[in-house]
2 protein chains.
Amino acid sequence: MAANSTVESIILGCLTTHPMSGYEIKQLISLSTSLFYNASYGSIYPILKKHEESGLVSVEELIENGRFKKIYHLTEKGYSAFLTWLEETPQPITMRNDMLVRLFFFNNLTREKQSDITRMYLDHLRDFRQRLENIAPAAAAYSDPYKEYTLRWGKDFYVFLIEWYEKLLSDLE
Amino acid sequence: MAANSTVESIILGCLTTHPMSGYEIKQLISLSTSLFYNASYGSIYPILKKHEESGLVSVEELIENGRFKKIYHLTEKGYSAFLTWLEETPQPITMRNDMLVRLFFFNNLTREKQSDITRMYLDHLRDFRQRLENIAPAAAAYSDPYKEYTLRWGKDFYVFLIEWYEKLLSDLE
DNA sequence: TTATTCATGTAATTTGTTACATGATTCT
DNA sequence: AGAATCATGTAACAAATTACATGAATAA
């Protein structure tokens, strides 16, 4: 009866802040947890349906500004399922880091290409970091220190990556 | 004709070091790239078949110590496909970081539970880091600086994580 | 008036893992 | 003798994305 996948729990977690629509959940995930856990509409809507069926959320249908909306509310059962999940042992970190895979095989390239490609990687990373910096103010409005912490983590992670590749580049030269 | 998924290219990349079996490819991936890109037999064997059909690898069948083996060799076509891939723009990093998801919703816990759970996270991270440290010597035998770099990355990443959560814990207390 | 955003949802496809099946060899 | 490792492979299943379909409101 408890939510058993992480996405299922994220959705419940979003609803702990306030009742919202599937669309709003997607937006919230996109500009907050997407860096370390993402979800698409194709996942969100079917899960909401499932949550409704198992009584973890309740649905309020309304028309706002002429737009049909379904606002999902967390039930008590849903909240306790969420709390149970929150204290469980976390899943190990998994990632797909394409740059590192390529670096693993760098010996197949000339020294010059190695440097060029590393510089390209750095450009990408700096670019991405900047984009993170730009969404920061919007997310800071939560006035929830833990949401700020996770946002900070994203920035710190990219600083770590940039410094790491800068070091690599200087080693190559 | 070129390999178009990352796993497809990793397999070609493994074969640039020397010809090997599907079993050996799986082992190599497990103790080298698995941290930032993993693959199971269920992916590897079908891809090898596909690579053979498209002429990127050739197969040598033999019996060694009474064991039937299929040794895969990279063809010239396969090597040039690999090199093309190697210079392409990398895919963005994606990850699943369950701890951060939970941290994002930490406001639903008492301060005491927050600290306890953070300590549990640190235990997990330190444990994992130690395991990385243990496989280091085996992988160092490659005498390929880039393979060592990626191994180092894994260790650096876990140092980053541990320091980050230590800082979090001291903030909580 | 046209593009974008808001809003919901499904079907097809992709991607990949897990579990199973098989069998020989080697280590304890 | 029995457990672990070597070795190949498939089928079932799971998870998730992409693309599509629909349509209203709003911003340019």
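Letters go in sequence order (proteins before strands), and every chain restarts at 1. Being a predicted model, the structure only gives us computed values, none of them experimental.
Across all strands shown, A:Q27 has heavy atoms under 4.0 Å from sugar-phosphate atoms exclusively, and none from any base. Among the protein residues, B:S21 comes within range of the sugar-phosphate backbone only, with heavy atoms under 4.0 Å from sugar or phosphate atoms but none that close to a base.
Per the geometry, NZ belonging to B:K69 stands 12 Å off C1' belonging to C:dT25, to the nearest Å. C:dT8 atom P lies 9 Å from atom CD of A:E24, rounded to whole Å. Straight-line distance from the OH atom of A:Y37 to the C1' atom of D:dA16: 10 Å, rounded to whole Å. Rounded to an integer number of Å, the gap from CG of A:N65 to C1' of C:dT5 is 13 Å. Following rounding to the nearest Å, A:Y41 (OH) and D:dT17 (P) show an atom-to-atom distance of 13 Å. Distance A:I63 CD1 to C:dT8 P: 12 Å, rounded to the nearest Å. For A:K50 and C:dG9, the NZ to P distance is 17 Å, given to the nearest whole Å. One interatomic measurement links the two molecules: CD of A:E61 to P of C:dG9, which rounds to 8 Å at whole-angstrom precision.
A salt bridge is defined here as a Lys NZ or Arg NE, NH1 or NH2 lying under 4.0 Å from an Asp or Glu carboxylate O, and B:D123 with B:R119 fails to meet this definition. Taking 4.0 Å as the cut-off between side-chain N and carboxylate O, B:E166 and B:R126 count as a salt-bridged pair.
In terms of position on DNA chain C, the residue among A:K49 and A:E64 whose nearest nucleotide sits closer to the 5' end is A:E64. Of the residues near DNA chain D, A:R67 and A:G42, the one whose nearest nucleotide (by heavy atom distance) lies more toward the 5' end is A:G42. Mapping B:G22 and A:S43 onto DNA chain D by nearest heavy atom places B:G22 closer to the 5' end of the strand.
Applying the side chain to side chain contact (heavy atoms under 4.5 Å, CB included) test between A:I10 and each of A:I29, A:L15, A:I47, A:L28 identifies A:I29 as the sole match.
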Give the intermediate values and the outcome of side chain to side chain contact (heavy atoms under 4.5 Å, CB included) for residues A:L161 and B:F160.
CA-CA 10 Å; A:L161 290 174; B:F160 161 75; over 6 Å; no
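In the set C:dG16, D:dT8, D:dT17, the nucleotide with an atom closest to the side chain of A:S40 is D:dT17.
Put simply, B:M95 and A:L31 are part of the same group of oily side chains (I, L, V, M, F, W, Y) that touch within less than 4.5 Å, one to the next.
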